[in-house]
Amino acid sequence: MRWSKFFIPTLREDPSEAEVISHKLLLRAGMIRKLASGIYNFLPLGFRALKKIENIVRQEMDSAGALEILMPLVQPAELWQETGRWNDYGKELLRFKDRKDHDFCLGPTHEEVVTDIVRRDVKSYKDLPLILYQIAVKFRDEIRPRFGIMRAREFIMKDAYSFDADWDGLDKSYQLMYETYQKIFSNCGLKFKAVEAHTGAIGGDVSHEFMVLAETGEDVLAFCEKCGYASNIELTPAVSGEKYSFESEKPLEKVYTPGVRTAQEVAEFLGLPVSKITKTLIYILNEEEAVAVCVRGDHEVNEVKLEKLFSGKSFRMANEEEVRKIVGASPGFIGPKNLKIKVIADKALEGYPNFVIGANEDDYHYINANLGSTFKPDLVADIRKATEGDLCPKCGEPLQFTRGIEVGHIFKLGTKYSESMKATFLDKDGKMKPFIMGCYGIGVSRVLAATIEQNHDENGIIFPWQIAPFQIAVLYLKEDFKENAEKVYKRLSQRWDVILDDRAERPGVKFKDLDLIGIPVQVIFGKNYEKNRKIEVKIRKTGERKYVSPEELENFINRFENEKD
RNA sequence: CGGGGCGUAGCUCAGCCUGGUAGAGCUCCGGCUUCGGGAGCCGGAUGUCGCAGGUUCGAAUCCUGUCGCCCCGACCA
């Protein structure tokens with residue numbers, strides 16, 4: 001491709017609408033443009049990168065035996081009513097009516113549609129297992145779209161669905177997809193980790209997320225280097241590595257703590273470590289019952305764990321007014337002693353001697369509180385987030401933590417959809433049984449954003465070779481070299497995706513643009529070519545410059561391609 | 001949906017408080033010089049000041065309403 005015939009509207013300055021690095025760079029590199037909130041155009045360069053990712057996904061899915069299909073974005077309400085999700089899904093599901101006043105929605109996911117396909121035409125265990133997938137546009141009317149294509153409303157997703165005759169079959173399909181995902185993300189050239197995950201609204205019990213490791217990731221992962229355990233921190237059991245040294249119980253004492261509310265403030269005021277303070281939070285269950293949740297000041301409540309504890313009840317934190325009504329004190333002075341509501345204490349408080357609690361009276365705390373003698377919780381459970389210093393729940397080694405961006409999620413669904421939609425087949429034993437299903441998603445457009453979050457520097461994007469929209473850029477800094485540069489361009493193009501920067505621009509502009517759009521290898525006809533016929537090869541990632549003769553060039557790049565990483 | 005902020009040229013933003021000819025830099029077009037890290041000089045193009053209403057002799061500026069966008073919280077690939 002010749003740059004002069006292509007369309008790469010690069011921007012010098014960061015657009016004001018962009019906050020995160022991938023969003024800024026995608027806009028600046030002329031890869032995407034916003035059409036509306038959470039809705040983006042992919043320009044030629046961005047679309048090329050997207051297609052590279054799609055093709056890697058497609059190739060691995062195909063070789064795993066999954067079959068590609070294409071399902072409609074627009075879906076009839078009837079299907080969603082069958083599974084109850086027409087009501088359950090919430091406002092993320094964009095609903096509308098057609099001219100005949102029939103209800104439709106834009107598909108945020110395709111369990112209903114794919115289950116419908118299968119129940120119509122798959123009748124026998126002999127047709128199983130079956131894995132269907134598509135790479136298609138999804139629409140979720142996110143409450144708050146942000147970070148460009150990282151969390152868009154309209155986005156590209158690869159979604160796959162497996163159908164098996166029994167649970168063993170599902171295990172096999174799940175394992176197959178797990179391995180396929182490992183291959184896909186490796187082939188994309190990404191550093192990633194598969195972690196145990198929370199199943200959320202999709203349902204089912206086992207699930208893994210695939211996380212691209214990046215400082216800017218929204219998720220925190222806990223992992224163990226020794227045994228390989230890894231989970232989303234939402235799920236990680238908190239196993240304290242701290243041994244509470246024996247300390248005899250001191251007498252409970254009420255202290256005046258005017259205006260000090262946060263655990264940090266209380267700690268400073270009393271001259272104690274934050275860990276000695278406890279926080280008590282009030283939650284409202286099903287809009288009817290209040291419960292108190294008590295954790296150490298240096299710990300954080302894990303709402304996913306609470307969700308499990310409250311088994312399906314909706315819950316939220318009480319607001320300040322409600323707290324005052326329930327407790328009789330302001331937030332910041334709440335404590336578990338003498339509360340009229342249920343108290344759930346975190347496990348870390350067991351055996352923890354002489355800590356501080358709110359007195360349920362404004363401007364007062366108690367010091368030297370002890371679980372058991374000061375108050376008796378209705379329940380002691382693991383309700384906090386695992387943190388630095390905690391131990392691996394599998395092998396007891398210290399856990400490590402890192403941030404990541406969720407790009408893939410696989411679930412064992414079981415019969416949730418097949419049962420509610422009466423999707424059954426005739427098994428060996430002559431009985432009608434519901435399909436055992438799994439579902440497997442990859443946020444294809446999000447992979448592009450995550451790639452950039454993981455691979456960039458102050459000059460721009462650094463694309464991994466495998467998904468770079470162009471792998472090689474050829475540029476010449478003098479018209480005299482044009483002819484030779486063209487020859488090299490044509491030769492390299494037979495094997496790789498090459499862009500020839502044939503613009504009548506100054507060298508600085510070309511260098512800046514090439515660095516910005518992240519082409520891994522720059523082939524430069526410049527000073528060295530003039531002096532001694534050596535072509536300069538600049539490696540975007542490392543900034544290394546090598547000088548090779550035209551004859552060696554192809555081998556050099558070939559070697560680079562094989563050695564990269 | 002709650003809280004905060006912003007809508008002025010293609011982009012980044014000034015002007016608004018204190019009403020009176022709509023601006024700068026970059027981009028874009030033409031010319032000359034320049035040519036290894038977003039060049040210099042000369043000339044030029046570009047705006048319903050988000051939209052609607054109101055106040056006023058006069059509104060980008062003040063008032064009301066409305067729409068859009070961004071950031072913080074709950075969601076997820």
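Just so you know, these numbers use all the heavy atoms, side chains as well, and skip hydrogens, waters and symmetry mates. Predicted, not measured: the structure shown is a model, and the values here were computed from it. Numbered from 1 within each chain, the chains take letters A, B, ... in sequence-line order.
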With a 3.5 angstrom cut-off on both distances, give the Watson-Crick or G-U wobble partner of rA24(B), or none if there isn't one.
rU12(B)

Strand partner of rC1(B), provided both Watson-Crick or wobble distances fall under 3.5 Å
rG73(B)

The side chain of Ser16(A) lies closest to which of these nucleotides: rA39(B), rU12(B), rC76(B)?
rU12(B)

Strictly by modelled atom types, are Tyr417(A) and Arg85(A) linked by a side-chain donor-acceptor pair under 3.5 Å?
yes

Nearest of rA77(B), rG38(B), rG37(B) to any side-chain atom of Phe411(A)?
rA77(B)

Nearest-neighbour nucleotide for the Lys34(A) side chain, rA77(B), rC69(B), rC75(B) considered
rC69(B)

Is there a side-chain contact between Leu235(A) and Lys308(A), using heavy atoms and a 4.5 Å cut-off?
yes

Quick one: which of rA77(B), rC71(B), rG37(B) gets closest to the side chain of Arg446(A)?
rA77(B)

The side chain of Ser37(A) lies closest to which of these nucleotides: rG37(B), rA77(B), rC70(B)?
rC70(B)

Which parts of residues 142-149 of chain A get close to RNA chain B, meaning a heavy atom less than 4.0 angstrom away?
Glu142(A), Ile143(A), Arg144(A), Arg146(A)

Least distance between heavy atoms, Lys52(A) atom then Gln466(A) atom:
CD-O, 3.6 Å

Between Phe155(A) and rA77(B), do the rings stack, that is, sit under 5.5 Å apart with planes less than 30° off each other?
yes

Set out, in order, the CA-CA distance, both residues' side-chain angles and the distance that settles salt bridge (charged side-chain N to carboxylate O under 4.0 Å, His left out) for Glu505(A) and Lys510(A), then state yes or no.
CA-CA 7 Å; Glu505(A) 282 290 351; Lys510(A) 296 189 175 196; over 6 Å; no

Would you tabulate the pairs of protein nitrogen or oxygen atoms and nucleotide nitrogen or oxygen atoms of nucleotides 3-5 of chain B closer than 3.5 angstrom?
none

Within residues 522-538 of chain A, the residues having a heavy atom closer than 4.0 Å to RNA chain B are Gly526(A), Lys527(A), Asn528(A), Glu536(A), Lys538(A)

Need the pair for rC6(B). Rule: Watson-Crick or G-U wobble, both distances under 3.5 Å, any strand; none if unpaired.
rG68(B)

Tell me whether the rings of Tyr174(A) and Tyr440(A) are parallel (<30°), tilted (30 to 60°) or perpendicular (>60°).
tilted

Ring centre gap for Phe210(A) and Tyr178(A) strictly below 6.0 Å:
yes

Same-atom distance (P) from rC11(B) to rU48(B), integer angstrom:
11 Å

Please give the distance between the C1' atoms of rU21(B) and rG31(B) as a whole number of Å.
31 Å

Checking salt bridge (charged side-chain N to carboxylate O under 4.0 Å, His left out) for the pair Lys546(A)/Glu544(A): CA distance, chi angles, key distance, verdict?
CA-CA 7 Å; Lys546(A) 293 280 165 58; Glu544(A) 273 177 288; 3.1 Å; yes

Rounded P spacing from rA60(B) to rU66(B) in Å:
22 Å

Keeping to residues at least two apart or across chains, list the salt bridge (Lys or Arg N to Asp or Glu O under 4.0 Å) pairs with something in residues 36-51 of chain A.
Arg48(A)-Asp497(A)

Expressed in whole Å, how much space separates the P atoms belonging to rA9(B) and rG50(B)?
8 Å

Whole-Å C1' distance, rU27(B) and rC17(B):
32 Å

Under 4.0 Å between a side-chain N or O of Arg12(A) and OP1 or OP2 of rG38(B)?
no

Considering only the P atoms, how many Å lie between rU12(B) and rA52(B), rounded to the nearest integer?
23 Å

Side chains of Asn532(A) and Tyr547(A): any donor to acceptor distance under 3.5 Å?
no

The side chain of Glu406(A) lies closest to which of these nucleotides: rC35(B), rG37(B), rC76(B)?
rC76(B)

Is Glu505(A) side chain donor-acceptor paired with the rG37(B) base, going by distance under 3.5 Å alone?
no

So, are Arg58(A) and Glu68(A) salt-bridged, with charged N and O less than 4.0 Å apart?
yes

Using both distances under 3.5 Å as the test, list the Watson-Crick or G-U wobble partner of rC62(B), or none.
rG54(B)

Interatomic distance at P, rA59(B) relative to rC67(B), whole Å:
25 Å

Assess the residue pair Tyr161(A) and Thr109(A) against the criterion (side-chain contact (heavy atoms from CB on, under 4.5 Å)); give the C-alpha distance rounded to whole Å, side-chain angles, the decisive distance to 0.1 Å, and a yes or no.
CA-CA 11 Å; Tyr161(A) 306 88; Thr109(A) 175; 3.7 Å; yes

Residues of residues 59-69 of chain A with any non-hydrogen atom less than 4.0 angstrom from an atom of RNA chain B: list those, numerically ordered, please.
none

Counting only Watson-Crick pairs (N1-N3 plus N6-O4 or O6-N4) and G-U wobbles (N1-O2, O6-N3), all under 3.5 Å, who is the partner of rG47(B)?
none

Could you tell me the Watson-Crick or G-U partner of rA39(B), where both distances fall under 3.5 Å? Say none if there is no partner.
rU33(B)

Got a sec? Which of residues 40-57 of chain A come in under 4.0 Å of RNA chain B, heavy atoms?
none

If you assign each of Asp14(A) and Asp515(A) to its closest nucleotide in RNA chain B, which residue comes earlier from the 5' end?
Asp14(A)

rA74(B) and rC51(B), which share atom name C1', separated by this distance in whole Å:
32 Å

